[in-house]
Structure formats: C-alpha cells, structure tokens
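Computed from a predicted model, the values in this text were never measured in an experiment. Computed over heavy atoms, backbone and side chain alike; hydrogens, waters and symmetry mates excluded.
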Amino acid sequence: MGRNQQRKKLQKKKKLEKITLATILLVVVIGIMWVARMGRTTETVQSTISSTTTSQTETAEQKFLKNVDLQSWEILLVGPDHKLTTSIDEATTLATVGAFQMNKNIVPAFEELEAAAQAAGYPLVIVSAYRSVAYQEKILNAAIQQKMASGMTYDEALADAKQTMTEPGYSEHHTGLALDVVDQSWYTNYSPELLHSNFGQTDGGKWLAANVAQYGFIIRYPEGKMAITKIDYEPWHIRYVGKENAEYMVKNNLTLEEFVEQVSKVQQK
C-alpha cells in the first residue's frame with residue numbers, strides 16, 4: 001500500500017473517531033438536559049400538588065368563616081368593651097336547671113356536657129349562671145366593699161374587682177349563655193376563694209378545658225388572653241357558642257373576640 005493511501009486511511013479513521021466522540025458527547029448532553037428537565041417537572045408537579053392541597057384547605061376554612069352568622073345569638077359578643085345593648089326577655093328566653101337559670105337553647109348541650117363530666121369522674125357544680133344587670137350591680141358593689149374593707153381605695157377596689165368581674169351591662173352572664181362551673185371535688189375542698197385560677201390546674205379543670213368544645217362551649221377567658229378579653233384567666237367560666245364555632249376556636253386558639261374579628265374580615269372581602 002502506498003504512502004498516500006495509508007495517509008488517507010489514517011485521516012479517515014481519525015475523522016470517524018471524531019464523529020463518534022462528538023456523537024457520544026451529544027448523547028451525554030441530551031441525557032443531562034433530559035434528567036434536569038424531568039427534575040424540574042417533578043418539582044413543578046409536587047409544587048402544584050402542594051399548592052392545590054393548601055388551596056383546598058384554605059377554601060374549606062374560608063367557606064366555614066363566610067357562612068358564620070355574625071348576628072346569631074350563639075356568638076353574641078358581650079364583655080368589657082362590648083355592652084349588652086338589649087336585655088333578654090327572661091320569661092321567654094330562660095330555663096331553670098337546678099337552682100340556676102340559663103338560655104333555654106343551651107340546656108341540652110349543657111346536660112350532655114354534665115353527663116360526660118359525671119362519667120369521667122368530674123361531676124360539675126354550677127356556681128353561677130344567668131345574672132340580671134341589677135344583680136350584677138349588687139355583686140360588684142359587694143366585691144368593692146369587701147376590698148375597701150381590706151384597705152383599698154374605691155378606685156383601687158373597682159379596678160381590682162374588674163379583673164375577674166365586669167360592670168353591670170357588660171357581663172356575659174346577662175345573656176344566659178355563660179356559666180361558672182367547677183367539679184364536685186374542687187367545690188367540696190375549695191380554698192376561701194371558690195372561683196380561683198388554680199382550678200385550671202386540677203384534673204377536673206383540665207378535663208373541662210379539653211372537652212367543652214365537643215358540646216359547643218369554650219373557656220371564655222383563657223390564660224394569656226387578657227389583653228384581648230380584658231378579663232383575667234377564668235378556667236371555670238364557660239360560654240356556649242355552638243359546636244362548630246367552639247371547635248374552630250379551640251383548634252385555632254381564638255377567643256370569641258378574635259373569632260368575630262376573623263369572621264368579619266373574611267366576610268368583608
């Protein structure tokens with residue numbers, strides 16, 4: 001074979017090798033791009049699924065809040081910053097349970113709560129329920145006089161009494177929807193102050209806090225929320241708001257004030 005032929009054959013071989021190498025590199029590049037694209041696609045799909053799930057959750061929550069009736073008697077807001085504008089008709093609104101009166105609409109729910117507490121070993125004792133404006137004025141004045149007798153001025157006594165009591169016209173007890181309850185053990189062995197925050201640390205107090213929402217009640221003045229409710233922690237004070245509302249509030253750690261505000265914002269959109 002002549003030198004020219006050998007040279008041509010060698011050049012042809014090198015050219016073929018270059019083409020082969022280029023083809024391999026092209027395949028590798030295409031493979032890398034495909035893998036990268038698939039990764040982005042997977043991330044996009046996962047992101048879409050996550051976004052859809054979140055959207056569905058928000059939609060369910062938004063739908064619930066939009067359907068809450070702010071005019072319902074169940075979520076009537078009464079407290080230090082919210083005066084009761086219309087007194088209830090005692091003759092048509094109240095029902096008697098034992099020695100106390102309460103809104104007749106909440107009697108079945110309270111009786112279910114009472115039965116559950118009994119079964120759990122924490123029989124409930126009602127300490128206070130419906131109170132008229134006149135009666136509220138009477139007990140507030142009594143508390144003020146007692147504190148003044150211990151050396152407080154009138155203004156000091158009033159301010160101190162308002163930590164756990166409300167002025168006439170501003171008490172939830174005027175609605176018949178609020179109850180002060182403790183369990184029998186606490187009632188029998190209570191300290192000089194029956195309605196004391198230490199009740200919340202007892203087994204009965206803990207059971208009450210953990211279970212009232214199932215029956216449509218909330219602990220109306222929870223610990224750490226005084227800046228919002230303007231009432232100190234009262235583990236004995238339960239308030240009927242309706243089962244769905246109560247469960248939502250407990251799940252989201254909301255007071256009635258916060259719940260009403262949240263509903264209002266959603267419904268204004």
Taking [Y]'s backbone N and O only, do any of them form a donor-acceptor pair with [X]'s side chain (distance below 3.5 Å, no angle check)?
{"X": "E156", "Y": "T153", "answer": "yes"}
{"X": "Q267", "Y": "K66", "answer": "yes"}
{"X": "T188", "Y": "S185", "answer": "no"}
{"X": "Q268", "Y": "K265", "answer": "no"}
{"X": "T93", "Y": "E90", "answer": "no"}
{"X": "Q184", "Y": "V125", "answer": "no"}
{"X": "D69", "Y": "Q71", "answer": "yes"}
{"X": "K225", "Y": "N253", "answer": "yes"}

Looking at side-chain heavy atoms only, is the closest gap between [X] and [Y] below 4.5 Å?
{"X": "M226", "Y": "I231", "result": "no"}
{"X": "H173", "Y": "D180", "result": "yes"}
{"X": "Q136", "Y": "Y170", "result": "no"}
{"X": "E244", "Y": "F64", "result": "yes"}
{"X": "I144", "Y": "Y154", "result": "yes"}

### Test log, rule ring pair (Phe, Tyr, Trp, His ring centres under 6.0 Å), inputs Y130 and F100
CA-CA 7 Å; Y130 169 74; F100 297 89; over 10 Å; no
Shortest non-hydrogen contact between [X] and [Y], atoms and distance:
{"X": "I219", "Y": "P235", "result": "CD1-O, 3.7 Å"}
{"X": "A109", "Y": "Y240", "result": "CB-CE1, 3.6 Å"}
{"X": "P168", "Y": "L140", "result": "CD-CD2, 3.7 Å"}
{"X": "L195", "Y": "V182", "result": "CD2-CG1, 4.3 Å"}
{"X": "Q214", "Y": "A210", "result": "NE2-O, 4.3 Å"}
{"X": "S264", "Y": "L70", "result": "OG-CD1, 3.6 Å"}

### Task
Look at atom OH of Y233 and say whether more than 12 heavy atoms of other residues, nucleotides or ligands are closer to it than 6.0 Å.
yes
### Query
Of I238, L177, L256, which is the lone residue that meets side-chain contact (heavy atoms from CB on, under 4.5 Å) with R220?
L256
### Task
Among E261, K63, Q62, find the residue that satisfies the side-chain contact (heavy atoms from CB on, under 4.5 Å) test when tested with V266.
Q62
### Aromatic plane relationship, Y221 with H237 - under 30° parallel, 30 to 60° tilted, over 60° perpendicular
tilted
### Message
Salt bridge or not between R131 and E137? Use side-chain N to carboxylate O under 4.0 Å.
### Response
no
### Query
When rounded to the nearest 0.5 angstrom, what distance separates OG in S128 from CG in L179?
8.5 Å
Indicate every side-chain donor-acceptor pair of residues 82-89 with a distance under 3.5 Å to a residue at least two apart or in another chain.
residue : atom : partner : partner atom : Å
D89     : OD1  : A91     : N            : 3.1
D89     : OD2  : T92     : OG1          : 3.4

### Query
Any chance the rings of Y215 and F110 have centres within less than 6.0 Å?
no
Show me the donor-acceptor pairs, under 3.5 Å and distance only, between side chains in residues 199-206 and residues at least two apart or in other chains.
residue : atom : partner : partner atom : Å
T202    : OG1  : F199    : O            : 2.7
T202    : OG1  : G205    : N            : 3.0

